[in-house]
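Some notes on the structure that comes next.
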Amino acid sequence: MLVSIVDNAYPTPENYPDRILLLKRHGYQGVDFQALAHTETSLWQLPEAQFLSLLKDTADFLGEQGMAIAQAHAPMQPGPTGATPEDRKRQFDQVHRALKGCQTLGCKIMAIHPLLPFGNDPGQDPEAVLGINMAFLGMAADYARFYGVTLCLENLPHDHLPLSTPMAVRDLVEDMNLPNLKVCLDTGHCAMRGIPPGDAVRLIGPQLLQCLHVHDNDGARDQHLPPGEGVVDWTDFRQALLDIHFQGALNLECNPKEETQQLRTVQVAQWLAGGLPPSAIHEKTS
């Protein structure tokens, strides 16, 4: 199982090539490419040709270093998303550009959030939320297939969103039955909903689970802590991945800050991916 991490995981060095080289030295084999997720950045303000050219240069550099682009993340917006046809058109255009970016990067997996037309407001109409998402995801998956990309729908921590738990995400993906629409399991979001990530892995199963966002928290806040620093049962999660013979990347979505934490985090990731843990890791995670 390839071990990867978000490419902006470390606060330093600020220079992207140096940061990648440090991730490589620490033992990561790939990255979760984050620049497509944040549309307010200077990258997204470039004309499309320059946007794609810069991504090609980045892909070439990562390839030269032997670092796989294991997955990427679709554009994200704060607050309600897709509330109106105009909102959905604007978001789809961003997803479309991100899909072109994935093709340029040689990235085959892109995680995507459900649309939140009513935010996290209580009393939402589940049928309306599901209908809006099915229409949007169906069109997005159709375009994604053209670019050779599989979209992976991510579970969220929102307690009032009808489409947020791993079970609801699995059911929608299963019902849509599209060859390139699968599931991204976010362990931290599971923890915030009181759902053991190991149970979610087994529930989703090997056919639909294609993407992981692995991080920890205190069960209440979306802290994106390294595994072993919160409430998640990582021993069970590891066993669940082995049980279903998970073939994707063991991808971390956390930001270890100082070197001791960084080195311990990659060791835990290697253990989660099927390796043997040092005793200190075993004591922390069991």
Side-chain angles (χ1 to χ4, degrees), residues 1-10 19-20 22-37 55 58-59 61-63 65-74 98-99 101-113 144 147-155 166 169 173 180-190 197-198 200-202 204-216 224 226-228 232 234 237-256 262 265-275 277:
M1 199 183 301
L2 181 144
V3 176
S4 64
I5 191 168
V6 288
D7 59 358
N8 58 358
Y10 291 179
R19 190 186 309 143
I20 293 300
L22 183 56
L23 291 173
K24 180 181 176 181
R25 279 203 302 276
H26 281 178
Y28 292 103
Q29 301 158 299
V31 295
D32 180 333
F33 192 78
Q34 291 287 291
L36 299 179
L55 293 181
T58 304
F61 167 73
L62 289 165
Q65 301 307 317
M67 292 287 277
I69 303 176
Q71 57 200 54
H73 203 299
L99 289 169
C102 280
Q103 183 186 54
T104 300
L105 291 165
C107 176
K108 303 295 186 183
I109 299 285
M110 187 167 78
I112 188 168
H113 286 179
Y147 294 107
V149 177
T150 294
L151 294 178
C152 292
L153 188 62
E154 180 180 348
N155 61 295
V169 168
V173 170
N180 67 322
L181 180 64
K182 303 296 182 181
V183 177
C184 171
L185 181 67
D186 187 297
T187 61
H189 296 168
C190 282
V201 167
R202 297 182 183 96
I204 297 165
Q207 299 305 314
L208 295 183
L209 185 59
Q210 299 283 312
C211 178
L212 296 174
H213 287 171
V214 176
H215 56 105
D216 215 335
H224 288 262
V232 171
W234 293 107
F237 176 73
R238 178 182 187 270
Q239 186 59 51
L241 294 178
L242 295 173
D243 289 345
I244 72 163
H245 305 286
F246 179 69
Q247 298 298 309
L250 192 289
N251 180 74
L252 299 181
E253 196 180 50
C254 59
N255 303 96
Q262 290 168 354
T265 297
V266 72
Q267 290 176 322
V268 173
Q270 290 166 345
W271 171 67
L272 289 172

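All residue numbers in this chain count up from 1 along the given sequence. Hydrogens, waters and symmetry mates play no part in the numbers below; they use all other heavy atoms, side chains included.
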Shortest non-hydrogen contact between Cys211 and Gln71, atoms and distance = SG-NE2, 3.4 Å
Provide the closest heavy-atom pair for Ala240 versus Gly198 in the form atom of the first, atom of the second, distance.
-> CB-O, 3.4 Å
Note, Asp32 side chain near Gln34 side chain (heavy atom, < 4.5 Å) = yes
Applying ring pair (Phe, Tyr, Trp, His ring centres under 6.0 Å), run through His113 and His73 and close with a yes or a no.
-> CA-CA 9 Å; His113 286 179; His73 203 299; 4.8 Å; yes
Below 4.5 Å, heavy atoms only, C-beta onward: do Val201 and Leu209 meet side chain to side chain?
-> yes
Are any non-hydrogen side-chain atoms of Gln247 and Gln210 less than 4.5 angstrom apart?
-> no
Step-by-step side chain to side chain contact (heavy atoms under 4.5 Å, CB included) determination, Ile109 to Cys152 = CA-CA 7 Å; Ile109 299 285; Cys152 292; 3.9 Å; yes
Verdict with supporting geometry, Gln29 and Met67, side chain to side chain contact (heavy atoms under 4.5 Å, CB included) | CA-CA 5 Å; Gln29 301 158 299; Met67 292 287 277; 5.6 Å; no
Rounded to the nearest 0.5 Å, how far apart are SG of Cys102 and OH of Tyr147?
-> 11.5 Å
Counting distance only, does the side-chain N/O of Lys24 pair as donor-acceptor with the main-chain N or O of Gln65 below 3.5 Å?
-> yes
Kindly give the heavy-atom pair with the smallest separation between Leu105 and Leu55, and that separation in Å.
-> CD2-O, 3.5 Å
Could you point out which residue of Val6, Asn251, Leu62 forms a side-chain contact (heavy atoms from CB on, under 4.5 Å) with Val31?
-> Leu62
Any side-chain heavy atom of Leu252 within less than 4.5 Å of one from Pro226?
-> no
Begin from the C-alpha positions of His26 and Leu22 and carry the test side chain to side chain contact (heavy atoms under 4.5 Å, CB included) through to its verdict.
-> CA-CA 6 Å; His26 281 178; Leu22 183 56; 3.5 Å; yes
Could you tell me whether the side chain of Asp7 and the main chain of Phe33 form a donor-acceptor pair under 3.5 Å?
-> no
What distance do Trp234 atom CH2 and Leu241 atom CG have between them, rounded to the nearest 0.5 Å?
-> 9.5 Å
Side chain to side chain contact (heavy atoms under 4.5 Å, CB included) between Tyr28 and Thr265, intermediate numbers included = CA-CA 11 Å; Tyr28 292 103; Thr265 297; 3.8 Å; yes
Tightest non-hydrogen contact, residues Pro197 and Thr187, listed as CG-O, 3.8 Å
Heavy-atom closest contact (Met1 atom, Ala273 atom, distance) = CB-O, 3.7 Å
Report yes if the side chains of Val183 and Asn155 come closer than 4.5 Å at any heavy-atom pair, otherwise no.
-> no
Carboxylate-amine/guanidinium proximity below 4.0 Å for Arg202 and Asp243 | yes
Tyr10 versus Pro256: any side-chain heavy-atom pair under 4.5 Å?
-> yes
Taken to the nearest 0.5 Å, the spacing of Gln239 CD from Ile244 CD1 works out to 11.5 Å
Can you check whether Pro206 reaches His245 side chain to side chain, under 4.5 Å on heavy atoms?
-> no
Mark yes when over 12 heavy atoms from residues, nucleotides or ligands other than Gln207 sit less than 6.0 Å from its CD; otherwise mark no.
-> no
Which atom pair, heavy atoms only, marks the closest approach of Ala111 to Glu154?
-> CB-OE1, 4.5 Å
To the nearest 0.5 Å, tell me how far Thr104 OG1 sits from Leu99 CG.
-> 11.0 Å
Is there a donor-acceptor contact under 3.5 Å linking the side chains of Asp186 and His215?
-> yes
Say you draw a straight line from CD1 of Ile20 to CZ of Arg25; how long is it, rounded to the nearest 0.5 Å?
-> 11.5 Å
In Å and rounded to the nearest 0.5 Å, what is the CZ to CG distance from Arg19 to Asn8?
-> 6.5 Å
Within a strict 4.5 Å, meaning less than it, do heavy atoms of the Phe237 and Leu212 side chains meet?
-> yes
